[in-house]
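First comes the structure, then the notes that go with it.
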Amino acid sequence: MLISPRSPRVSAARRLARRNFRGKERLFLAEGPQAVREAVGHRGADGDGATLVELFTTAEAAERYADVVTAARSAGARVHLAEEEVIADISTTVTPQGLVGVCRFLDTPFEEILAARPRLVAVLAHVRDPGNAGTVLRCADAAGADAVVLTDASVDLYNPKAVRASVGSLFHLPVAVGVTVERAVGGLRDAGVRVLAADGAGADDLDDELDRGTMGTPTAWVFGNEAWGLPEETRALADAVVRVPIHGRAESLNLATAAAVCLYASARAQRAAGGCRSVTGGQ
C-alpha cells in the first residue's frame, strides 16, 4: 500500500530515532539494502520470531532490491510502499537509499556469551561515539570475534549511526549491552579469558606480546573512550595494558584502527596456536 507521512506507522517509525522510544518499544531502525538484507536473515537467539518486523520502501528501491523486499515479505515483515519524502522523514541519513527496516532488539544476555566459552571478545568501555562503536563492531566481526560487549558507560547499540557504521555486522555476532566494566572483566576472567586493555600508554607492547606467544589463548580486548582512552581504574582491572607500537611519526591511532590491529593480532595468534579461528570470505 502507499503510505503517507501522516500515517501512524510512519510516526511510530520516526520516533525510533530517539533513544527513549527505542528502549520503550524495544525496536530500532536499520537503513539501506545491506542492513535490511542482514536483518531479514536474522532471528532472535531463541529462534522465536524474525528480527525484521516492518519495511518501508520506495517504488524505485522495491524494484532495485526486489530480492530483499521479497525476502522480507516471506519472512513475515509488513512491507509498506512509500513516497520518497516519507522515507526521508523516517531516515536519519542525508541521502536515504529507499529502504528502512524496523527491527526487534537483538542483544544477547552477557551470561549467554560467557556460557558459550568465547575465545575472542571486544569490550567497549566508555565509547561514546556511535560511529566508532559501530565500526569496532564491524572490525570484531571481520576478525572472527565471538562477541562484543558494550558497557553501561558506552553509547546505545541501536543508535542509527552505530547501526549504519556496523554495515550489517550487528546481525552477525552476539552483542551484550549495559554491562558494568567490573562485571565484564570479572565474568570474562572467570570464564578463562585473558583480559587486555588497549591503551597508548600501556606498559606492554603488542609486538612483544606476539613474540612471547601469549596471545594464542582466549582473549578479551577492552577499548576506551575516543578522546581520553581508558581511566586508571579500568586499566587496573585488566591482566595487562597493551599499546599498539607506533613505528612512524603519527601521534596515535584512532579507536577503530587500533581495535582492528589488536583483534586481528589475536585472531592470527589463535589460529597459529591451534587453528581455532577461521577468518574467511570476500574482501
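The basis for the numbers below is simple: all heavy atoms, side chains too, and nothing from hydrogens, waters or symmetry mates.
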Can you tell me how far CG of L52 sits from CZ of R78, rounded to the nearest 0.5 angstrom? 10.0 Å
Quick one: do D204 and R212 satisfy side-chain contact (heavy atoms from CB on, under 4.5 Å)? Show the steps, please. CA-CA 11 Å; D204 294 330; R212 286 195 294 265; 4.2 Å; yes
Joint hydrophobic cluster, V179 plus V181, side-chain heavy atoms closer than 4.5 Å: yes
Can you see which heavy atom on A13 is nearest to which on I90, and at what distance? CB-CG2, 4.0 Å
Is it true that L150 and V193 fall in one hydrophobic cluster, defined by side-chain heavy atoms closer than 4.5 Å? no
Is any side-chain heavy atom of L16 closer than 4.5 Å to one of F28? no
Pair T70-R73, side-chain donor/acceptor within less than 3.5 Å: no
So if you build clusters from Ile, Leu, Val, Met, Phe, Trp, Tyr with side-chain heavy-atom gaps below 4.5 Å, do V136 and L120 land together? yes
Taking atom CD of E63 as the centre, report whether more than 12 heavy atoms of other residues, nucleotides or ligands fall under 6.0 Å from it. no
Is D146 reaching over with its side chain to a backbone N or O of V121, donor-acceptor style, under 3.5 angstrom? no
Is there a path of hydrophobic side-chain contacts, each under 4.5 Å between heavy atoms, that joins V222 and L237? yes
For the backbone of L124 and the side chain of S154, can you confirm whether one donor and one acceptor N or O come within less than 3.5 Å of each other? yes
Looking at every heavy atom in both L230 and D199, which two are closest together, and how far apart are they? N-OD2, 3.5 Å
Going through the checks in order, is the side-chain contact (heavy atoms from CB on, under 4.5 Å) test met by I246 and S252? CA-CA 7 Å; I246 302 294; S252 64; 5.6 Å; no
Within the side chain of R104, is there an N or O that forms a donor-acceptor pair under 3.5 Å with the backbone of A50? yes
I need the R19 CZ to N159 CG distance, nearest 0.5 Å. 8.5 Å
Let me confirm one number: the CG-CD distance from L170 to E38, rounded to the nearest 0.5 Å. 10.0 Å
Between L157 and V163, which heavy-atom pair has the shortest distance, and what is it? O-CG2, 3.9 Å
For Q270 versus R119, what's the shortest heavy-atom pair and its separation? NE2-O, 2.7 Å
Is R64 atom CZ crowded by more than 12 heavy atoms from other residues, nucleotides or ligands, each under 6.0 Å away? no
Looking at E84, I'd like to know if its CD atom is crowded, meaning that more than 12 non-hydrogen atoms belonging to other residues, nucleotides or ligands lie closer than 6.0 Å. no
Atom CD in E60, atom CG in L99: separation rounded to 0.5 Å? 10.5 Å
Honestly curious: do L27 and F56 fall in one hydrophobic cluster under the side-chain, below-4.5 Å linking rule? yes
Go through it in stages, so that I can follow the logic: the residues are D67 and R37, the test is side-chain contact (heavy atoms from CB on, under 4.5 Å), and I'd like the CA-CA distance, side-chain angles, deciding distance and then a yes or no. CA-CA 9 Å; D67 60 325; R37 182 177 288 109; 3.8 Å; yes
Is there side-chain contact between P231 and H126, with heavy atoms separated by less than 4.5 Å? yes
Partner of V175 by side-chain contact (heavy atoms from CB on, under 4.5 Å), out of D141, T108, L137, V149: L137
Test item: Y264 side-chain N/O and A142 main-chain N/O as donor-acceptor pair under 3.5 Å: yes
Assess whether side-chain hydrogen bond (donor to acceptor under 3.5 Å, both in side chains) is satisfied between E209 and T214, documenting all intermediate values. CA-CA 6 Å; E209 287 278 343; T214 56; 2.6 Å; yes
What are the two closest heavy atoms between V261 and L206, and how far apart are they? CG1-CD2, 3.6 Å
Donor-acceptor under 3.5 Å (T180 side chain, R183 main chain): yes
Side chain proximity check, L188 to L114, heavy atoms < 4.5 angstrom: yes
To the closest 0.5 Å, what do you measure between CH2 (W221) and CG (L263)? 8.0 Å
Which class fits the ring pair Y158 and F105: parallel under 30°, tilted 30 to 60°, perpendicular over 60°? parallel
For the residue pair A62 and V69, what are the closest heavy atoms and their distance? CA-CG2, 3.9 Å
Can you confirm whether more than 12 heavy atoms, excluding those of R6, are under 6.0 Å from its CZ atom? no
Other residues, nucleotides, ligands: >12 heavy atoms within 6.0 Å of R138 CZ: no
Is it true that E25 and R22 make a salt bridge, defined as a side-chain N closer than 4.0 Å to a carboxylate O? no
Mind checking the CG-SG spacing from L196 to C262? Nearest 0.5 Å is all I need. 8.5 Å
Answer yes or no: is there an ion pair linking D205 with R243, defined by an N-O contact shorter than 4.0 Å? yes
Would you call L29 and V102 a side-chain contact if the rule is heavy atoms closer than 4.5 Å? yes
Is a side-chain N or O of S169 found less than 3.5 angstrom from the main chain of V167, in a donor-acceptor match? no
Quick one: do V86 and H80 satisfy side-chain contact (heavy atoms from CB on, under 4.5 Å)? Show the steps, please. CA-CA 11 Å; V86 173; H80 306 290; over 6 Å; no
